[in-house]
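Here is the structure we will look at, set down as structure tokens.
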Amino acid sequence: MNQWKNFTKGFIKENPVFVLVLGMCPTLGVTSSAINGLGMGLATTFVLVMANIVISMVKSFIPEKVRIPSFIVIIAAFVTVVQLMMQAYLPSLYKSLGLFIPLIVVNCIVLGRAEAFASKNNIISSAIDGLSIGLGFSFALVLLGGIREILGSGKIFDITLYSENYVSLIFVLAPGAFIVLGYLIAFINQIRKS
Amino acid sequence: MSYIIIIIGAILVNNIVLMQFLGICPFLGVSKKISTAIGMGGAVAFVLVLATIVTYLIQNYILNAFGLGYLQTIVFILIIAALVQMVEIILKKVSPPMYQALGIFLPLITTNCAILGVALLTIQKEFNLVEGVVFAISNAIGFALALIIFAGIREHVDMQNVPKGLKGTPIALIAAGILAMAFMGFSGLV
């Protein structure tokens with residue numbers, strides 16, 4: 001397969017958030033700022049790449065019937081690795097992402113890629129696929145987090161853009177997540193059509 | 001008194017779907033009709049309460065007792081997956097009509113983050129077993145409530161003349177946003 005195409009598909013064509021509408025819980029839950037979105041996106045990317053590599057290595061040993069539970073255990077192992085590393089080296093980010101780090105286990109994107117791609121392809125293609133989908137996911141999270149942060153608190157990556165007197169707080173609260181993502185998906189749909 | 005705070009807090013103020021963003025996939029996926037929403041709500045409620053009790057016992061009497069706290073994520077997800085399988089088998093045997101109603105939703109529940117999320121939250125908030133059960137039941141009610149209200153809204157939205165670009169997922173998300181705004185009215189209640 002053309003590896004460059006394999007790498008670029010995650011950004012727009014098969015973007016897990018905007019096109020496939022998967023992994024909605026962390027997408028909506030952690031994107032109150034761009035930096036949180038970036039942290040979550042990179043954590044998920046790490047799990048995706050590592051799980052894809054391991055699954056494509058062991059795919060021939062796993063019996064068909066217990067395939068899904070085996071995938072989940074592999075994914076859960078890497079999530080635990082991320083969890084412990086973050087707790088040790090990035091405690092403040094770990095605190096603001098909170099519950100959503102262990103919940104990477106049940107992120108449908110990770111299991112979806114394991115089932116749809118890594119269990120059928122070789123190691124290198126699977127690693128690139130994981131990287132592509134992971135970075136596409138990070139891109140979506142940073143975009144959503146950035147828009148919400150600019151509209152809701154007048155900042156981006158903690159750089160103040162305009163006075164807090166003009167912000168509309170609703171965008172960093174729960175309803176803002178749904179509404180901004182709704183309009184973003186509509187916008188991306190239009191771009192993809194034309 | 002503290003039980004009432006847990007109940008109102010979990011159902012209305014910190015609604016699991018609309019405020020904490022857990023279980024969004026079924027919230028968007030199976031909310032096209034009220035009848036399927038009720039089925040999904042029932043199945044989730046059942047597994048959620050059962051999973052919270054089992055994970056609570058495992059955490060306190062096995063993981064904590066033997067200093068295996070770092071295995072929490074792996075152990076919990078395996079327990080939930082096994083529980084869902086078990087519930088499916090038992091329901092099939094004991095109550096075929098209920099299996100008919102809930103059966104198709106059960107496999108989807110393993111990867112529903114609401115289940116794992118509530119199990120982890122119960123541990124994080126250091127509830128005792130009774131408080132944990134009350135918390136789980138309230139969250140299950142909160143989930144079902146949000147799902148059923150949203151299904152009702154979507155049945156109406158589908159009949160409206162929505163601008164072409166917003167059809168489908170976008171308009172559903174915007175409707176969910178407005179519903180979340182309504183739920184924000186409850187903040188400050190506890």
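Here the structure is a predicted model, which is why all the values come from computation and not from measurement.
Residue I80(B) holds its CD1 atom at 10.0 Å from CD1 of I72(A), rounded to the nearest 0.5 Å. The CG atom of L22(B) sits 11.0 Å away from the CG atom of L28(A) when rounded to the nearest 0.5 Å. Put simply, CD1 on I101(A) and CG on L120(B) are 12.0 Å apart, with the number rounded to the nearest 0.5 Å. Atom CZ in F21(B) sits 5.0 Å away from atom CZ in F178(A) (nearest 0.5 Å).
Heavy atoms of L111(A) lying under 4.5 Å from chain B belong exclusively to its side chain. Using a 4.5 Å cut-off between heavy atoms, F100(A) touches chain B through its side chain atoms alone. Using a 4.5 Å cut-off between heavy atoms, I68(A) makes no contact with chain B at all. Of the two parts of L184(A), neither the backbone nor the side chain holds a non-hydrogen atom closer than 4.5 Å to a non-hydrogen atom of chain B.
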Can you list every donor-acceptor pair under 3.5 Å that links chain A to chain B?
{"from": "Q83(A)", "atom 1": "OE1", "to": "T73(B)", "atom 2": "OG1", "distance (Å)": "3.0"}

**Request:** Determine, step by step, whether M184(B) and I170(A) satisfy the side-chain contact (heavy atoms from CB on, under 4.5 Å) criterion, reporting the C-alpha distance in whole Å, the side-chain angles of both residues, the deciding distance to 0.1 Å, and the verdict.
**Result:** CA-CA 10 Å; M184(B) 270 178 67; I170(A) 195 82; 4.0 Å; yes
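Closest non-hydrogen pair, A77(A) versus I74(B), comes out as CA-CD1, 3.8 Å. Between I174(B) and G182(A), the shortest heavy-atom contact is CG1-CA, 4.3 Å. For L99(A) against G117(B), the heavy-atom pair with the smallest separation is CD2-O, 3.9 Å. Taking each heavy atom of G23(B) and C25(A) in turn, the nearest pair found is N-SG, 3.5 Å.
Side-chain contact check for L173(B) versus V180(A): every heavy-atom pair is 4.5 Å or farther apart. At least one side-chain heavy atom of M181(B) sits less than 4.5 Å from a side-chain heavy atom of I179(A).
In I124(A), the CD1 atom is not crowded: 12 or fewer heavy atoms of neighbouring residues, nucleotides or ligands sit closer than 6.0 Å.
With sequence neighbours excluded, no residue forms a ring-ring contact (aromatic ring centres under 6.0 Å, His included) with F18(A).
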